[in-house]
Amino acid sequence: MDELACRNCKFIISSHSSKCPICGSDDLTSKWSGYIIMLNVDKSELAKTSNIKTNGVYAISIRD
Ligand SMILES: [Zn+2]
């Protein structure tokens with residue numbers, strides 16, 4: 001899998017980037033599984049409880 005997930009906010013970065021575009025963290029990992037697509041963070045309860053503020057694709061779990 002080429003995609004990387006940010007360990008800090010779980011945002012999935014599809015290109016070979018060295019930094020998370022959402023939170024600016026460079027702590028990225030390829031060891032993630034499952035993903036959720038956030039389309040309406042303003043209205044989504046899941047986004048609120050997950051502290052997600054930007055629409056996009058997020059990993060469900062990140063393995064260490
Ligand atoms: Zn991030």
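Both counts, for ligands and for their atoms, begin at 1 and track the order of listing.
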When rounded to the nearest 0.5 angstrom, what distance separates [atom1] in [X] from [atom2] in [Y]?
| X | Y | atom1 | atom2 | result |
| --- | --- | --- | --- | --- |
| Cys20 | Asp27 | SG | CG | 10.0 Å |
| Thr29 | Leu4 | OG1 | CG | 7.5 Å |
| Ile52 | Lys10 | CD1 | NZ | 8.5 Å |

Quiz item: Residues in salt bridge (charged side-chain N to carboxylate O under 4.0 Å, His left out) with Lys31, at least two apart?
Solution: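 Result, salt bridge (charged side-chain N to carboxylate O under 4.0 Å, His left out) vs Lys31: none returned.
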Quiz item: Where the side chain of Arg63 meets the backbone of Trp32, is there a donor-acceptor pair that is under 3.5 Å apart?
Solution: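 Judged by distance alone, yes, a pair lies under 3.5 Å.
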Quiz item: By residue and atom, what protein N/O/S atoms are less than 2.8 Å from the Zn ion (ligand 1)?
Solution: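 Counting only protein N, O or S atoms under 2.8 Å from the Zn ion (ligand 1), the list reads Cys6 SG, Cys9 SG, Cys20 SG, Cys23 SG.
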Quiz item: Which atoms form the tightest heavy-atom contact between Val41 and Lys53, and what is the distance?
Solution: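 Shortest heavy-atom separation between Val41 and Lys53 comes out as CG2-O, 3.5 Å.
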